[in-house]
Structure formats: C-alpha cells, structure tokens
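Throughout, residue positions are numbered sequentially from 1 according to the sequence presented.
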Amino acid sequence: MAQPASHVSPPLKDELDIVIPTIRNLDFLEMWRQFFQPYHLIIVQDGDPTNNIRVPDGFDYELYNRNDVNRVLGPKANCISYKDSACRCFGFLVSKKKYIFTIDDDCFVAKDPSGKEINALAQHIQNLLTPSTPFFFNTLYDPYREGADFVRGYPFSLRGGASTAISHGLWLNIPDYDAPTQLVKPLERNTRYVDVVLTIPKGTLFPMCGMNLAFNRELIGPAMYFGLMGDGQPIGRYDDMWAGWCAKVICDHLGLGVKTGLPYIWHSKASNPFVNLKKEYKGIYWQEDIIPFFQSVVLPKECTNVVKCYIELSKLVKEKLGTIDPYFHKLGDAMVTWIEAWVELNSPAQ
C-alpha cells in the first residue's frame, strides 16, 4: 500500500545541510519549521563564543562558535572571517552532505501572489536537480520547468544542458542594495514577484547574495569560500560576491551552470546604510578593478577540478590584484589556506 502523502520523506532529506550564520537567538526558525525541521542544520555562531545562542526545540542541529573553528582548523582557522557573515563558509567546510542551503537569520517565509507560503528550500532543490543552459540562452526561461520547453531554433545538441552547481534565490521586501543605493532609496521595497528561473550565461558574472542560496557541494564546494572579511580586514559585505565571482569563473571553465530567480524569501531587516558604507567603502572603489580581473581570467586546461582551479585563481588574485592593495596578497594566501583545510577535512580532494 502506498504511504500517505504526509509520510513521504522530504526531498534530499539525508543529502542536504542548512547552514545559518548568526549572532542571536534563532527564533526565526519557528516560521520555517514546517520546511526545515526534517533537515540537519549547521549553525555558525559569530562574535563572542561565550554568548548562548538559543535554538528552538525540535531541530536537528550542530552549533559551532569561534572556539570550535580554532579547535577544528588549528593554525588554518585564520582563513575564516570573524564578525562577518562570511563565517558561514565554516559550515560548508565541515558539512558532509552533497548539497548546502544557506540562509540569513533575518529572512522569513515569503508568500506568492496567491497568498501561499513559499517553500524556498524545495524550489532550490528543484533548481539544483535540473540542468542549466549556460551555453545558449533559452528565451522562454528555464526549459526544464513543468509546462516549458526549448524554443524553436535551440540546438538539439545542447538540450541536455549542464549540471547545475548553484541556485541563487531572491528576496521580497528589503532589496539587497549597497550603502549608497540604500541612502538614496531608504524606503524602496521589492514587491514584484517574478515567476522565473534563468540560467546565467557562460562568461557573465553576477553579484551573488548569500542570504538565500543553495549549491551542489560536490560540484563547486571548494570555490564557495567567502573570503577574509569583517573584523581586522579593510572590507566587509563583499564576502558572498567574492565567492560568487570565483565560483562563476570556475563553473564557466568546468562547464557547470548557475541559476537565479525563484525562490523568494522575505527579507525583513534593512541594515544601517552608514555602517554598511564604512564596511563597503574600499570594495566600492576596488570593484572597478576586481570585475575586469574576473572578466579576463582564463584558467589553463590543466585545471580539471575545482581545487586546481581555485589554487590557480589564488595565484592570479595575488599577481593581478595585489598591485591594488596588500590586502589581496593576504586574501590570496587565505584562499590557499582554505583549500588546504578543505582537502584535509574532505579527502579525497574534489
């Protein structure tokens, strides 16, 4: 006899971890309980490790703080950012699952135009389990979605698509703006629900936001390093974008896909634009050189996996961006340390 629908196991229940960086009690999980409770959570506590973080009852979770980072990584712990949401990548490092979904603790369940609550995790899983189309743009959006297909003129030889490495979700309410845009548009809210998933074409970069993001850890995990940001560093709030630029260049080189669009979450809290400006100032200035660097990167054909690609990229960062500021030499070294830690904790190397 078939099991009742209510007893059907959630998709990827034993193959996916949810990673959450936080400095506060995780009461927001109550809103996500029906969607997240079947899954394992990896919570990375930032800031003072003596603070007690309360997690609602009934969740299966591990909680790591800075003392744990130091214990697990030893001298390599200096590659994990402090007082910045980039600390989340420690969760990526210690996970043993094939897939990761990461979300910020100020993000809540959004509703679609019909008023139905959106299961963001289920949509990310759908994105990751269906191919991408990075090599030829399908004008009717995602052709693998139910009710869609490839349009006339799409080469049949490319309709198999590419494996999807990253699923990048969006946000209703508070947009993901930089500080100058926040300052000139303090009351702007995103109210448009666009029912679309797109593949970002090969050769095109994008600003990746880490607050609603999923990826195939086996395909791209070693590249999902959120850099050296926050306390003691000259820059913040560029952690997810740095990871996105590195990962996209490597996805393009290895023939992997990145999707963006659905699912939406409800982003509830606008951060202080003046605090953000202080964190972003150098990044806003440096990005005019960083973006052309990533646009021009060509990885050698000998780079046949993510680890090799990332080590090569770290050399190029020091060589090409090190002339802008000594920080990029430090960042390049941290990228190598990250890969060493990844290989050590996730042997054999991917």
Side-chain angles (χ1 to χ4, degrees), residues 79 89 92-93 98-100 127-138 142 144 155 157-168 197-210 213-227 238-260 287 289-322 328 331-343 346-350:
C79 74
C89 63
F92 308 161
L93 190 64
K98 182 175 181 179
Y99 300 97
I100 295 285
N127 291 348
L128 290 171
L129 293 183
T130 52
S132 297
T133 54
F135 310 120
F136 201 89
F137 192 83
N138 191 58
D142 187 346
Y144 302 100
S157 59
L158 293 178
R159 293 190 183 193
S163 296
T164 301
I166 299 172
S167 170
H168 178 256
V197 177
L198 295 171
T199 295
I200 301 173
K202 181 179 180 181
T204 301
L205 295 172
F206 74 112
M208 189 172 82
C209 172
L213 180 72
F215 60 93
N216 184 322
R217 191 174 171 277
E218 290 184 0
L219 288 181
I220 200 64
M224 297 299 277
Y225 174 52
F226 279 45
Y238 271 79
D239 52 324
D240 42 8
M241 290 182 287
W242 180 263
W245 296 328
C246 291
K248 184 59 165 65
V249 164
I250 292 172
C251 282
D252 287 351
H253 176 75
L254 296 177
L256 301 171
V258 179
K259 291 184 177 184
T260 187
Q287 72 186 11
D289 291 307
I290 294 172
I291 300 305
F293 161 73
F294 280 108
Q295 288 174 326
S296 64
V297 163
V298 177
L299 295 170
K301 64 179 184 299
E302 292 77 24
C303 293
T304 53
N305 63 35
V306 180
V307 166
K308 290 178 181 178
C309 288
Y310 204 74
I311 290 171
E312 180 65 25
L313 197 53
S314 72
K315 295 175 188 173
L316 293 172
V317 165
K318 290 200 282 187
E319 178 187 332
K320 304 292 186 181
L321 297 179
F328 289 100
L331 177 56
D333 288 339
M335 292 168 71
V336 174
T337 302
W338 161 263
I339 286 296
E340 290 172 348
W342 185 280
V343 171
N346 296 278
S347 193
Q350 296 181 45

Item checked: W342 vs Y310, side chain to side chain contact (heavy atoms under 4.5 Å, CB included): CA-CA, chis, key distance, verdict -> CA-CA 11 Å; W342 185 280; Y310 204 74; over 6 Å; no

Any side-chain heavy-atom pair from [X] and [Y] closer than 4.5 angstrom?
X    : Y    : answer
C89  : M224 : no
I290 : W245 : yes
E340 : W338 : no
Y225 : I339 : no
D240 : L213 : no

Okay, side chain of [X], backbone of [Y]: is any donor-acceptor separation there less than 3.5 Å?
X    : Y    : answer
D239 : F226 : no
K259 : T133 : no
N346 : L93  : yes
T164 : S132 : yes
Y238 : Q287 : no

With rounding to the nearest 0.5 angstrom, report the [atom1] to [atom2] distance, [X] to [Y].
X    : Y    : atom1 : atom2 : result
M241 : C246 : CE    : SG    : 12.5 Å
E218 : Y99  : CD    : OH    : 7.5 Å
F206 : L198 : CZ    : CG    : 12.5 Å
F136 : S157 : CZ    : OG    : 9.5 Å
I166 : F215 : CD1   : CZ    : 8.0 Å
N216 : N127 : CG    : CG    : 12.5 Å

Checklist line | Salt-bridge contact D333-K318 (side-chain N to carboxylate O under 4.0 Å) | finding: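 Judged by the 4.0 Å cut-off on N to carboxylate O distance, D333 and K318 do form a salt bridge.
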
Check: With no hydrogens and no angle check, do the side chains of K320 and S296 hold a donor and an acceptor under 3.5 Å apart?
Finding: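 No - no donor-acceptor pair under 3.5 Å links their side chains.
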
Heavy atoms only: give me the nearest [X]-[Y] pair and the separation to one decimal.
X    : Y    : answer
P134 : T199 : N-CG2, 3.5 Å
K308 : T304 : NZ-OG1, 3.5 Å
L331 : G227 : CD1-CA, 3.9 Å
H168 : P207 : NE2-O, 4.0 Å
L299 : L313 : CD2-N, 4.4 Å
I220 : A165 : CG2-O, 3.7 Å

Item checked: Ring centres under 6.0 angstrom apart (F294, W242) ->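 They qualify: ring centres under 6.0 Å apart.
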
Next item on the list: Take S163 and L219, measure what side chain to side chain contact (heavy atoms under 4.5 Å, CB included) needs, and give me the verdict at the end.
Entry: CA-CA 9 Å; S163 296; L219 288 181; 3.9 Å; yes

Review item, side-chain donor-acceptor pairs of residues 247-258, under 3.5 Å, at least two apart:
{"unit_1": "K248", "atom_1": "NZ", "unit_2": "P201", "atom_2": "O", "d": "2.9"}
{"unit_1": "K248", "atom_1": "NZ", "unit_2": "T204", "atom_2": "O", "d": "3.0"}
{"unit_1": "K248", "atom_1": "NZ", "unit_2": "D252", "atom_2": "OD1", "d": "2.8"}
{"unit_1": "K248", "atom_1": "NZ", "unit_2": "D252", "atom_2": "OD2", "d": "3.2"}
{"unit_1": "D252", "atom_1": "OD2", "unit_2": "G203", "atom_2": "N", "d": "2.9"}
{"unit_1": "H253", "atom_1": "NE2", "unit_2": "P300", "atom_2": "O", "d": "3.4"}
{"unit_1": "H253", "atom_1": "NE2", "unit_2": "C303", "atom_2": "O", "d": "2.8"}

Next item on the list: Take V197 and Y144 through the side chain to side chain contact (heavy atoms under 4.5 Å, CB included) test and state the conclusion after the steps.
Entry: CA-CA 10 Å; V197 177; Y144 302 100; over 6 Å; no

